[in-house]
S.K.: 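Just dropping this structure here.
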Amino acid sequence: MDNAFERYFASLKGKTIAVLGLGVSNRPLVRLLLEYGCDVTGCDRTPREKLDSEVLQLEQLGCKLRLGDGYLDGIQADIVFRTPGMYPGNPALVALRAGGAQVTSEMEVFFQCCPCQIIGITGSDGKTTTTTLISEILKAAGKTVWLGGNIGASLLPQVRQMRPEDFAVVELSSFQLMDMTHSPNRAVITNLAPNHLDYHRDMAEYIGAKQNIYRFQGAHDLLILNADNAITDSFTGNGVTHRFSRKRQARVCLQDGVICRDAQPVLPVREIRIPGVHNIENYMAAILAVEGLAGDDAIRHVAQTFGGVEHRIELVRVKDGVRFYNDSIASSPSRTIAGLLSFEEKVILIAGGYDKHIPYDALGPEICAHVSKLFLGGATGAKIRSAVESAPQYRPGCPEITDCGNFTSAVLAAAAAAQAGDIVLMSPASAAFDQFKNFMVRGDYFKKLILEL
């Protein structure tokens with residue numbers, strides 16, 4: 001194993017360390033720091049009486065806890081690990097930096113210590129599926145793959161088991177990338193559209209965060225871009241850049257229903273098991289990412305056998321001739337548009353949720369074109385209704401719009417309105433935080449409601 005890991009943790013001896021946020025991703029980090037004898041303080045807004053047993057166990061292992069509303073007041077440390085959900089410009093972080101603290105993250109340290117090649121994936125839509133496809137293709141080619149980042153397990157504690165010939169396939173969010181100073185050997189940007197503007201100051205900051213995935217690459221590194229997305233197509237990397245396109249000529253493109261690389265057939269679209277044109281783009285990105293690492297047989301094997309990632313246009317049930325799909329991952333308009341385009345017929349759509357302060361204008365025309373009945377709930381319900389009714393294609397009753405107030409009512413009303421042959425798609429175009437901890441909890445709850453019908 002590369003000694004970078006041991007050198008890094010040896011350098012922490014005698015320093016005070018603060019870990020900000022004790023969610024699932026940072027708990028393995030705390031355990032690792034304690035294992036190396038570090039002086040660790042774990043800071044979290046959750047009050048003690050609401051902590052789960054795993055956090056209390058960290059305290060028993062030697063982690064000091066600062067909890068509740070004032071958990072960041074007057075905090076001091078030599079090294080600070082920022083949880084991705086904490087904005088880098090948080091006043092407490094600004095004060096810590098001013099006091100000489102080094103602010104880093106679990107992902108930043110992983111990039112410093114990882115002994116093997118890293119393939120990083122980001123984007124507004126499709127990054128989880130693309131990350132999973134790359135991982136599955138490499139595994140089908142006989143490679144040892146470590147999957148993580150914004151999905152899967154924390155990677156830093158696993159570095160000691162990684163070998164130079166392995167591959168780390170890492171999904172990276174804008175939250176993680178925002179203050180990163182390392183980039184992966186191969187970087188993929190699936191697309192970019194307005195998202196997370198409740199966190200970022202503006203779209204420019206969001207785009208800038210995403211660009212960190214290639215900003216620190218070297219001359220021999222690879223950047224993979226979507227030529228059909230105006231934002232990503234404008235980027236220029238430091239090393240080799242390849243583009244994919246579903247609509248025009250590119251290094252990987254679509255020709256007569258076949259994904260081709262350098263005009264040579266790689267994958268007939270009909271062999272792709274997961275639905276939707278967006279998944280054709282995800283395969284295009286993956287094909288470029290694994291070039292030289294996995295053969296076309298491995299790509300075709302995955303296409304024919306991979307059934308998709310949970311909460312992404314996931315068929316939950318067919319009841320009385322009605323198909324119910326869970327697309328809870330769709331926390332932005334562009335994700336929901338991709339979901340709508342996955343079906344040839346009009347669908348019954350359940351939408352609405354937490355407001356991330358992003359525009360919904362583009363969603364209106366697509367709902368008019370692809371939705372027969374629309375059931376709304378949550379904080380963005382009124383914004384989605386307005387986008388639909390403002391669309392040039394809108395006519396009263398096309399689609400039928402029902403305001404339901406909350407998620408449960410919207411799901412049950414949609415199910416009640418469905419008849420044999422209908423498709424009910426839960427694709428909210430909004431985050432889940434108004435009623436749920438995250439999109440996974442929302443998706444699981446949707447499945448529970450549907451299975452109980």
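Note: hydrogens, waters and symmetry copies are ignored here, and every other heavy atom, side chains too, is used.
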S.K.: Who are the side-chain contact (heavy atoms from CB on, under 4.5 Å) partners of Ala140, not counting sequence neighbours?
M.R.: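 Result, side-chain contact (heavy atoms from CB on, under 4.5 Å) vs Ala140: Ala298, His301, Val302.
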S.K.: Suppose we screen for ring pair (Phe, Tyr, Trp, His ring centres under 6.0 Å). Which residues come up paired with Phe9, at least two apart in sequence or across chains?
M.R.: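 Per chain and number, Phe9 pairs via ring pair (Phe, Tyr, Trp, His ring centres under 6.0 Å) with Phe5, Tyr36.
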S.K.: Are the charged groups of Glu314 and Lys447 less than 4.0 angstrom apart, N to O?
M.R.: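 Looking at Lys447 together with Glu314, the answer is yes, because their closest N to O distance falls below 4.0 Å.
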S.K.: I'd like to check the side-chain contact (heavy atoms from CB on, under 4.5 Å) partners of Arg395; sequence neighbours left out, ordered by chain and number.
M.R.: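 side-chain contact (heavy atoms from CB on, under 4.5 Å) check on Arg395 returns Cys398.
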S.K.: Determine whether the aromatic ring centres of Phe407 and Phe436 lie less than 6.0 Å apart.
M.R.: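 Between Phe407 and Phe436, the centre distance is under 6.0 Å.
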S.K.: Considering only heavy atoms from C-beta outward, does the side chain of Phe235 approach that of Leu192 to under 4.5 Å?
M.R.: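 Side chain of Phe235 against side chain of Leu192, heavy atoms only: contact under 4.5 Å found.
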S.K.: If we only count heavy atoms from C-beta on, is the Val170 to Pro184 side-chain gap below 4.5 Å?
M.R.: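 A side-chain contact is absent here, since even the closest heavy-atom pair is not under 4.5 Å.
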S.K.: Among residues two or more places apart or on two chains, list those pairs meeting salt bridge (charged side-chain N to carboxylate O under 4.0 Å, His left out) that have a residue in residues 171-189.
M.R.: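 Checked against salt bridge (charged side-chain N to carboxylate O under 4.0 Å, His left out) - neighbours excluded - the pairs reaching residues 171-189 are Arg82-Asp179.
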S.K.: Minimum heavy-atom separation for Thr336 to Ala429, with atom names?
M.R.: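 Between these two residues, the closest heavy atoms are OG1-N, 2.9 Å.
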S.K.: Under 4.5 Å between any side-chain heavy atoms of Asp296 and Leu267, yes or no?
M.R.: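 Not touching, per the 4.5 Å side-chain cut-off.
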S.K.: In chain order, what residues pass the side-chain contact (heavy atoms from CB on, under 4.5 Å) check against Ala338, with sequence neighbours excluded?
M.R.: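 With neighbours one apart ignored, the set is His278.
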S.K.: If you measure from CZ on Phe167 to CD1 on Ile118, what distance do you get to the nearest 0.5 Å?
M.R.: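 Result: 12.0 Å between the selected atoms.
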S.K.: May I ask you to test the Trp146-Gln161 pair for a side-chain heavy-atom distance under 4.5 Å?
M.R.: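 In contact.
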S.K.: List in chain and number order the residues that pass ring pair (Phe, Tyr, Trp, His ring centres under 6.0 Å) with Phe216, two or more places apart in sequence or in another chain; answer none if no residue qualifies.
M.R.: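 Phe216 satisfies ring pair (Phe, Tyr, Trp, His ring centres under 6.0 Å) with no residue once adjacent residues are dropped.
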S.K.: Given side chains that start at C-beta, do those of Phe433 and Ser331 come closer than 4.5 Å, heavy atoms only?
M.R.: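 Of all side-chain heavy-atom pairs linking Ser331 with Phe433, none is under 4.5 Å.
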S.K.: Quick check: are there more than 12 heavy atoms from other residues, nucleotides or ligands sitting under 6.0 Å from CD of Glu345?
M.R.: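 Buried by this count: over 12 neighbours within 6.0 Å.
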S.K.: Determine whether Gln255 and Gln264 make a side-chain contact, defined as any pair of heavy atoms from C-beta on separated by less than 4.5 Å.
M.R.: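 Result no, sub-4.5 Å side-chain heavy-atom pair not found.
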S.K.: Among side-chain atoms of Lys210 and Thr122, is any donor-acceptor pair under 3.5 angstrom?
M.R.: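 On atom types as modelled, these side chains qualify, holding a pair under 3.5 Å.
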S.K.: Under a 4.5 Å cut-off applied to non-hydrogen side-chain atoms, are Asn90 and Leu72 in contact?
M.R.: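 Contact flag for Asn90/Leu72 side chains = yes.
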S.K.: Indicate yes or no: at least one non-hydrogen side-chain atom of Leu147 is less than 4.5 angstrom from one of Ile134.
M.R.: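 Side chain of Leu147 against side chain of Ile134, heavy atoms only: no contact under 4.5 Å found.
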S.K.: Look up atom CD in Gln117 and atom CG in Asp221, then write down how far apart they are to the nearest 0.5 Å.
M.R.: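 Between Gln117 CD and Asp221 CG, I get 8.5 Å after rounding to 0.5 Å.
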S.K.: Please lay out, stage by stage, how Tyr325 and Phe343 fare under the test ring-ring contact (aromatic ring centres under 6.0 Å, His included).
M.R.: CA-CA 11 Å; Tyr325 285 88; Phe343 300 96; 4.9 Å; yes
S.K.: Given Glu281, which partner from the list Lys247, Arg246, Lys127, Arg243 fulfils the salt bridge (charged side-chain N to carboxylate O under 4.0 Å, His left out) test?
M.R.: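 One option only clears the test, and that one is Arg246.
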